[in-house]
Amino acid sequence: MNHNWKTSLAAQANLHPLRQTSRFLLVALLGLLAANAPAAGLGGAWKIDLARPGGVTLRTYLVLHQEGTNLNGKVIINNSCDLPLRKPRMEGSNAVFSVDWGIEYRVRPEGDILRVTLIYGGSSHEEATAKRVPEAETLPPALLPLPAIGAIPENGLARTPPMGWNSWNHFGEGVNDKIVRETADAIVSSGMAAAGYVYVNIDDTWESGRDAEGNIIPNKKFPDMKALADYVHTRGLKLGIYSSPGPVTCAGYEGSYGHEEQDARTFANWGIDYLKYDWCSAGRIYNDADLRADYQKMGAALAKSGHPIVYSLCEYGMGDVWTWGPKAGANLWRTTGDIQDNWKSMSDIGFNQGRLASYAGPGHWNDPDMLEVGNGGMSSTEYKTHFSLWSMLAAPLMAGNDLRNMSAETREILTNREVIGVDQDALGKQGQCIVKRDSIEIWARPLHDGSRAFGVFNRSEETSAIKVSWAEFGLASKPNALRNLWEHQDVTPALEGWEGQIPAHGVTLLIAK
Ligand code: GLA
């Protein structure tokens with residue numbers, strides 16, 4: 001299940017007034033449908049155990065309150081996050097409600113248990129049984145103390161934005177040892193390694209639980225993590241992994257809560273070179289104000305681990321992370337909710353990042369989430385815009401597609417060395433929008449040799465003929481040289497400025513010297 005954590009959280013917040021209205025309507029509706037009242041015996045706490053790949057069982061709790069005809073409560077999905085019931089209602093003998101993660105629950109009592117049908121995004125579904133449990137079992141674990149706020153020394157890594165691949169956007173729960181090995185091979189054979197991609201990152205769902213000594217162990221999808229790291233290392237690449245400061249990850253797998261130092265040691269012993277650390281269920285225990293101390297805890301543990309590990313925070317842009325991320329030991333931090341493979345999601349995220357430009361620099365980067373290039377939800381023009389914009393933003397370039405089966409066009413986008421050169425520029429200064437004219441945005445990024453990268457973006461639905469004066473580019477006069485990074489061509493600069501046609505959702509990316 002490729003759920004969308006932060007988008008869901010945002011949606012919850014945005015829907016708050018609506019929730020009030022829908023509760024109002026619901027009460028009225030339930031009054032009308034008194035004959036269709038929820039079946040007796042739904043109230044209480046219920047647990048649902050669902051089998052997942054790798055021999056793992058995930059737990060969801062339903063906490064239901066029934067007062068006469070009124071049903072409300074919450075779903076603690078994957079034991080990770082509390083979500084209110086949306087639109088609870090009766091349909092025949094089923095109580096039906098949904099949660100913001102796009103899951104609908106159809107529930108009917110049968111003796112001591114509930115029969116539950118879970119419907120994912122209106123398409124696939126799963127049958128399950130819910131057993132009654134004491135409500136205390138659904139509460140988060142006791143709060144562990146956090147360290148006093150301090151500053152972790154820089155680890156000296158990620159002097160330019162990290163480049164690599166991450167399993168989540170394409171594979172979700174389907175990732176396994178074989179896919180990671182084949183991906184490492186593909187990074188080398190496709191020319192991506194030569195173009196600068198290094199990190200091969202396993203996202204959520206590799207975890208099983210803990211052994212008798214409390215050491216975290218991978219599930220059956222990953223039989224030998226050290227052997228996998230060795231395999232990746234012999235190809236000249238580095239291996240990344242994922243965990244959470246909470247007891248469970250966003251997908252409900254084992255997290256590092258209370259085991260931070262032990263897990264950092266385990267990761268170091270396996271030869272792990274990169275950790276993505278995802279807030280998830282920590283939000284059931286701590287407040288937003290605790291983000292820094294909690295992330296610092298793992299930052300300190302990684303620093304003590306004796307192995308260089310890039311530290312990537314995933315907190316969906318909460319808590320003004322950019323103001324304290326480096327002090328928590330972070331090399332990068334997420335500035336947004338989860339990206340989706342469509343123009344709206346990508347462009348809403350990407351074009352909104354300029355405000356954070358001053359926080360990025362060598363060793364510490366804003367992360368607007370991983371790439372969707374090649375996943376099929378956008379056109380090639382849009383993927384070029386995605387890749388160009390991320391490069392102007394000095395964003396980490398983490399491919400999120402199936403590298404083993406990509407088209408030549410996708411490979412050309414991901415390996416465009418001229419565009420990658422902008423992303424990886426040694427000065428490490430993030431670009432910003434300097435001119436906004438209707439749907440046209442001009443972004444500029446200073447480069448280490450005194451030249452400047454410019455992105456002329458057309459966010460409209462139509463091809464636009466565009467003229468931009470050198471003054472609008474922020475240049476005192478005509479540049480000596482101009483290079484088009486997608487055409488791979490030098491352009492003779494005209495006296496007045498640059499002009500060209502840009503397709504809908506397209507970009508022209510230039511370097512002016
Ligand atoms: C969150 C993160 C995603 C991904 C999933 C895995 O939603 O933001 O990038 O890691 O969790 O469960």
Do the charged groups of Asp425 and Lys429 touch, with an N to O distance under 4.0 Å?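 A salt bridge is absent here (no side-chain N lies under 4.0 Å from a carboxylate O).
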Are there more than 12 heavy atoms of other residues, nucleotides or ligands under 6.0 Å from atom [atom1] of [X]?
X      : atom1 : answer
Lys513 : NZ    : no
Lys467 : NZ    : no
Asn480 : CG    : no

Identify the heavy atoms of Ala184 and Arg235 that sit nearest to each other, and give their distance.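 Distance-wise, the nearest heavy atoms are CB-CD, 4.4 Å.
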Identify the heavy atoms of Val175 and Lys221 that sit nearest to each other, and give their distance.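 What the structure gives for the nearest pair is O-NZ, 3.0 Å.
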Can any side-chain N or O of [X] pair as donor or acceptor with the backbone N or O of [Y] at less than 3.5 Å?
X      : Y      : result
Gln296 : Ala148 : yes
Asn458 : Gly506 : no
Glu173 : Ala251 : no
Glu382 : Ser379 : yes
Asn375 : Gly400 : yes

With heavy-atom distances below 4.5 Å as the criterion, would you say the side chains of Asp278 and Trp168 are in contact?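 No; the side chains remain at least 4.5 Å from each other.
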If you apply the rule salt bridge (Lys or Arg N to Asp or Glu O under 4.0 Å), what do you find for Asp177 with Arg181, and how did you get there? CA-CA 6 Å; Asp177 178 277; Arg181 285 173 192 246; 2.7 Å; yes
Start with the C-alpha distance between Lys384 and Glu412, add both sets of side-chain angles, then the distance that settles salt bridge (Lys or Arg N to Asp or Glu O under 4.0 Å), and finish with yes or no. CA-CA 10 Å; Lys384 283 183 183 166; Glu412 270 164 34; over 6 Å; no
Should the SG-SG distance of Cys250 and Cys280 be recorded as below 2.5 Å?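 Taking the criterion (SG atoms under 2.5 Å apart), Cys280 and Cys250 satisfy it, so yes.
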